[in-house]
Peer 1: 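Sharing a structure here in structure tokens format.
Read the numbers this way: they start at 1 and go in the same order the structure lists the ligands and their atoms.
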Amino acid sequence: MPIHELAQLTWEEVRDLDREHTLVVLPVGAIEAHGPHLPLDTDIVIATAMARAGARKLAARGRLVVILPALAYTAAGFGAAFHGTLSISAITVTALIVDVARSLSDQGFRLLALANVHLDPEHLTALNEAVKLAKTDRLLPIIFPDLTRKPWGTRLGDEFKSGACHAGQFESSIVIAERPDGVRETIRASLIANPTSLSQAIKAGKRTFDSAGGPRAYFGDPAAATADEGARLIDALGAILEEAVNAEI
Ligand SMILES: [Zn+2]
């Protein structure tokens, strides 16, 4: 089945979609500092790659998929002190996603899936809240595979599991695979690994990358990233999205 980018369609083409059987995917990212070697839109690049990989798998099994333009702004408090990060309040993010879900529901779509790899706790709360509100308001169900919850995170490599997963090997590999021109290669290759676990620091009450032990806004091992690993990870993210959707329908 075909995969459509909603923004590229005309309204009459959307009118003619078999909407009852169409799955809508919203990539959700952030404009946030990702080390000295990755662009601010790293999470948007990765979420879009996840959405497309998931869509390919779902389309191969006969589902019609429409991908929405990515949401680029969200809560990013951990990176807020770094130049270029644009953090907005969680309540705005929840409201925006619920409003998009309402509009899709009004047009007869039956399912919305979120593709997301931005793990700021406030942001994750905002997405989980949107899932709940859509249910309360009887909108179309929002499916959100939260990578910090089981079983998803265990499939994304050792660095991800260790929690040292911001702009390190995991994210750098995906950006190298997906948009190599965006990576500052000389800087990346020179970075010393920072094995500090961001997820442990979050549990310990830290609220910024700096206080969590990432003064240059990266954790993990960017120098160890490869395009091959990136391609594997994109496939794994797509499989997560596919499975989360299939579990719901
Ligand atoms: Zn990221």
Peer 1: With a 4.0 Å cut-off, would you call E5 and R52 a salt bridge?
Peer 2: yes

Peer 1: Is there a side-chain contact between V28 and F144, using heavy atoms and a 4.5 Å cut-off?
Peer 2: no

Peer 1: I'd like to verify the contacts: list protein N, O or S atoms under a distance of 2.8 Å from the Zn ion (ligand 1).
Peer 2: H34 NE2, D43 OD1, E171 OE1, E171 OE2

Peer 1: Quick one: does any side-chain atom of H37 pair with a main-chain N or O of A167 as donor and acceptor, under 3.5 Å?
Peer 2: yes

Peer 1: Are R232 and D235 within salt-bridge range, i.e. N to O under 4.0 Å?
Peer 2: no

Peer 1: According to the interplanar angle, ranging from 0 to 90°, do the rings of F78 and F209 count as parallel (below 30°), tilted (30 to 60°) or perpendicular (above 60°)?
Peer 2: tilted

Peer 1: Apart from W11 itself, which Ile, Leu, Val, Met, Phe, Trp or Tyr residues share its cluster (side-chain heavy atoms under 4.5 Å, direct or through members)?
Peer 2: none

